[in-house]
Amino acid sequence: MTYNLVVVIVAFGLMALDLISMIFRLRAGKDNVKPEHDRQFWTKEIAIFVCAPVLVVLCIFIQLGLIGTIAICGCAVLAVEVAVQELVGKKKSDENSQK
């Protein structure tokens, strides 16, 4: 088992934990969730949730070296985290911008 494969497995684990935490974040702040979003918002969110795992899978097939694999997988994990924060905390950022 190479180090690149370990990095990919850890990246998938972190993305899975992030998506699981989204359920608890939505449940904890269900009063703050704004249900109406435009089509562009949902297109962007779905694109991130689809493309991030694809990037991680590509790291298995393309040998980028350890640093390259860490960089690509790290970007994918951060993209999922940002997408989850936008999906869950959209109302909070709107309230902060109005103050």
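Atom set for the values below is all heavy atoms of this structure, side chains included, hydrogens, waters and symmetry mates excluded. Worth saying up front: this structure is predicted, and the values here are computed from it rather than measured.
Residues passing the salt bridge (Lys or Arg N to Asp or Glu O under 4.0 Å) test with Glu81, sequence neighbours excluded: Arg25. Residues satisfying the side chain to side chain contact (heavy atoms under 4.5 Å, CB included) criterion with Leu78, sequence neighbours excluded, are absent altogether. Under the side chain to side chain contact (heavy atoms under 4.5 Å, CB included) criterion, Leu66 pairs with Tyr3, Asn4, Val7, Ile70, sequence neighbours left out.
Linking ILVMFWY side-chain heavy atoms closer than 4.5 Å, directly or via other members, places Leu19 and Leu55 in two distinct hydrophobic clusters. Hydrophobic clustering (side-chain heavy atoms under 4.5 Å, transitive across Ile, Leu, Val, Met, Phe, Trp, Tyr) groups Ile60 together with Leu14. Under the 4.5 Å side-chain heavy-atom criterion for Ile, Leu, Val, Met, Phe, Trp and Tyr, Val57 and Val80 are members of the same hydrophobic cluster. Connection of Ile67 to Phe61 is not established within any shared hydrophobic cluster, with ILVMFWY side chains joined at heavy-atom distances below 4.5 Å, either directly or through further cluster members. Both Trp42 and Met22 are assigned to one and the same hydrophobic cluster, defined by single-linkage of ILVMFWY side chains at heavy-atom distances under 4.5 Å.
Side-chain contact between Lys44 and Ile48: present, with at least one pair of heavy atoms (C-beta onward) separated by less than 4.5 Å. A 4.5 Å side-chain heavy-atom check between Phe49 and Val84 finds at least one atom pair inside the cut-off.
Across all their heavy atoms, Met15 and Ala52 have their closest contact at SD-CB, 4.0 Å. Heavy atoms only, all atoms of each residue included: Ala11 and Val77 are closest at O-CG2, 3.7 Å. Shortest non-hydrogen contact noted between Ala76 and Val56 is CB-CG2, 3.7 Å.
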